[in-house]
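In what follows, a structure is listed as C-alpha cells, so that the remarks can point back to it.
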Amino acid sequence: MSEAAHAPSLWAATAVPPPETGPLKGERDADCVVIGGGYTGLSTALHLAEVGSQAVVLEATEIGWGASGRNNGQVIPTLSRADPGDLVKRFGKAKGEAFAGVVRDSASLVFDLIRKHGIDCEAVQNGWIQPVHTPGRLGLAKRRVEQWAALGAPVELLDKPRLDRMLGSDYWHGGWTNRTGGHINPLGYARGLARAAITAGAAVHTRSPATRLERRGDAWRVETPHGAVTAPKIVIATGTYSDDLWPGLKQTVVPIRSYQMATTPISDNVRKSIVPGNQAVSDTHGDLYFFRWDAQGRLVSGGALLVQIADDARVKRRIAVRLQRLFPQLGEVKFDYVWNGYVGATQDKIPHLHELAPGVIGWLGCNGRGVAFATIMGRLLAEAVQGRPVADLPVPATPLEPIAGHGVVRHLARGMLLLYRWNDAKEWRAPA
Ligand SMILES: Cc1cc2nc3c(=O)[nH]c(=O)nc-3n(C[C@H](O)[C@H](O)[C@H](O)COP(=O)(O)OP(=O)(O)OC[C@H]3O[C@@H](n4cnc5c(N)ncnc54)[C@H](O)[C@@H]3O)c2cc1C
C-alpha cells in the first residue's frame, strides 16, 4: 500500500528495541512461510515454533510496520459492530457461538502471552470500557452485557454515576466494561512477539517482501528480492497493508485512515482525575471517541478526518477541542506526536478468514478491532497449518469477494464518516 509520509510515532519513540533481524538471503525450506510481520504473522510463527514446526516470517519492511505498530494499543475482546447475537444470526448457533468464543478469549490470550514470554510492552490489564454517548444506547450496552455474560465473559453494566467516576467526565450516559481488556505499547508488543517467536525457533526476516508465489508440486515457493522459501503451507498475514501478491485480496477491504496522537505528559493531579483506573476506553460513536494513558502519563487518542489536507494540524485542533469538552480539567491540550495508519473495513463489518488455495490461508478485515483478534487468529492459523481442517476452525471461512469498484470505493470511503456522524447524532433503537 502506498503510504503518506509518516511522522515519528509515540510507539516508535518508546517501544523496546526490536530483535536483530535482516533480509532473507538464498534458498531454504520450511514447514510454513508466514507473509507479514504484524500480530497475525508473529503469533502464527510463535504458535508453530512452540510445537516444533519451522516457520519463516517474511516482512516487507520492519516488525510491526503495518497496523500492529501504529494502533492505539487497546486490547478489546469484542468485534467493532457484530455482537454474539449477530454472529449466531449470520453463521448459525454452533458456529456463531464458537466465533464469539474466540473473540471472548482474545484479550486474555494477549496478556497471557505477554506474561508467559516476559514481553516488555507497558501492558495494563485493567479492563476495557465502552461508554454510551446517548441515553438510548444504554439499551445497546445492556444487550451487549447480556450476550457476553451468557458466554461467560466477565462483563458488567455501568450506570451513569459510576461511569462518571470511572472516567472523570459527565459526558456519557453509562456504559459497560469487560475486565479482560486493557492496553499495551503496540509496537513493543509486536517486537516482543517477534523475539518470543525467534527464541522458540522461528525465523523472522525483515526487509523481505514476498514478491512471487509459485506452486511446485505439493509445495509453494515464495520469492523475495534476495532469496526464496519453499514450504507446503503459506499463511498470508498482510492485513490492510496487503499488496497485489494474492490477486483480489487487498480489494476485499476498504482502507480507512485513522489518526493517532499523544498529548504532552499530563500533571499527576489532573491525570488522577481522568480514568483513574487506567482502563482502555472507546465509546459508541461511529466517528469513534477513544483514549488511554501511556506509561509517561500521555493521553493517547485520535480520530478521523473527512478532508485530509493539512491533516496533522487539523486533527490536532479537532481532537484538542474534543478532549477539552470531555475533560475540561485538562485545560489547554498539546500534542507531542501525531501519526496515522490504515484500518481495513469489510462490507459486513466482520473479519474474513479465507482458504485461498490448498495450503494457503489468511484473514483480514479487523474493522478497527484487531490487537486481540489478530493475536488469537495467529493461534488458529497455526492450528490449520498443523493439519486442523479449516472447516473445523471456530471462525468460519468465507469466499474471497473483492469489493466491486474497489478503486473508486476506497477513495469515497472517507465520505462514510458523514454517515457515521449522522448515525451518531440519531438515537439508537433496538432492531425489531
Ligand atoms: C491507526 C490504527 C489504530 C488501531 N487501533 C486499534 C486498537 O486500539 N485496538 C484494536 O484492537 N485494534 C486497533 N487497530 C487494528 C489493529 O492494529 C490491526 O487489526 C492489527 O494490528 C492487524 O495485525 P496484522 O498482523 O493482521 O496486520 P499488520 O500489522 O498490518 O501487518 C501486516 C504486515 O504485512 C506486511 N506486508 C504486506 N505485504 C507484504 C509482502 N508482500 N511481503 C511481506 N510482508 C508484507 C506489512 O509490511 C505489514 O507489516 C488499529 C489499526 C490502526 C491502523
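Read the numbers this way: they start at 1 and go in the same order the structure lists the ligands and their atoms. All values below come from the heavy atoms of this structure, side chains included, with hydrogens, waters and symmetry mates left out.
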Considering only protein heavy atoms, which is closest to [atom], and at what distance to one decimal place?
atom                    : value
atom 9 (N) of ligand 1  : Gln74 O, 2.8 Å
atom 49 (O) of ligand 1 : Glu59 OE1, 2.7 Å
atom 23 (O) of ligand 1 : Ser68 OG, 3.2 Å
atom 52 (C) of ligand 1 : Val343 CG2, 3.6 Å
atom 17 (O) of ligand 1 : Asn71 ND2, 3.1 Å
atom 37 (C) of ligand 1 : Tyr241 O, 3.1 Å
atom 39 (C) of ligand 1 : Thr238 CG2, 3.5 Å

Do any N/O atoms on [X] end up under 3.5 angstrom from N/O atoms on ligand 1?
X      : value
Ala67  : yes
Gly41  : no
Gly370 : yes
Thr40  : yes
Thr240 : no
Gly368 : yes
Tyr39  : yes
Ala60  : yes
Asn340 : no
Ala210 : yes

Test item: side-chain donor near acceptor, [X] and [Y], under 3.5 Å:
X      : Y      : result
Thr375 : Tyr189 : yes
Thr224 : Ser208 : no
Gln130 : Trp176 : yes
Trp65  : Thr206 : no

Relative to ligand 1, is [X] under 4.0 angstrom through side chain, backbone, both or neither, heavy atoms considered?
X      : result
Cys366 : side chain
Ser282 : neither
Arg70  : backbone
Tyr342 : backbone
Gln260 : side chain
Asn72  : both

For Asp243 and ligand 1, answer yes if some heavy atom of the residue is under 4.0 Å from a ligand atom, otherwise no.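 Asp243 counts as a contact of ligand 1 under the 4.0 Å cut-off.
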Taking [X] for its side chain and [Y] for its backbone only, find out whether a donor-acceptor pair lies under 3.5 Å.
X      : Y      : value
Asp83  : Gly85  : no
Arg292 : Ala280 : no
Arg215 : Arg221 : no
Arg379 : Thr44  : no
Thr177 : Arg179 : no
His183 : Asn278 : yes

Exactly one of Ile114, Asp120, Leu113 should register a side-chain contact (heavy atoms from CB on, under 4.5 Å) with His117. Which one does?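 In the set Ile114, Asp120, Leu113, the residue that makes a side-chain contact (heavy atoms from CB on, under 4.5 Å) with His117 is Leu113.
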Which atom names give the shortest non-hydrogen contact between [X] and [Y], and what distance separates them?
X      : Y      : answer
Gly175 : Leu163 : N-CD2, 4.4 Å
Arg81  : Gly286 : NH2-CA, 4.4 Å
Thr346 : Gly365 : CG2-CA, 3.6 Å

Would you sort out whether Asp244 and Lys250 count as a salt bridge (charged side-chain N to carboxylate O under 4.0 Å, His left out), showing the intermediate values? CA-CA 7 Å; Asp244 291 314; Lys250 80 171 185 198; 3.2 Å; yes
I need the atoms of ligand 1 closer than 4.0 Å to a non-hydrogen atom of [X], numbered in the order shown.
X      : answer
Gly73  : 8 (O)
Ser258 : 1 (C)
Gly36  : 33 (C), 34 (O), 35 (C), 44 (N)
Gly66  : 29 (O), 30 (O), 48 (C), 49 (O)
Ile35  : 40 (C), 42 (N), 43 (C)
Pro209 : 42 (N), 43 (C)
Trp65  : 47 (O), 49 (O)

Please say whether more than 12 non-hydrogen atoms of neighbouring residues, nucleotides or ligands are located less than 6.0 Å from CG in Asp392.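 Yes - once you tally the heavy atoms of other residues, nucleotides and ligands closer than 6.0 Å, there are more than 12.
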Take the angle between the ring planes of His354 and His352 and call it parallel below 30°, perpendicular above 60°, tilted in between.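 Judged by the thresholds at 30° and 60°, the geometry between His354 and His352 is perpendicular.
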Lys/Arg cation over aromatic Trp148: Arg143, 6.0 Å, 45° cone: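 Geometry flag: not set, cation outside 6.0 Å or 45°.
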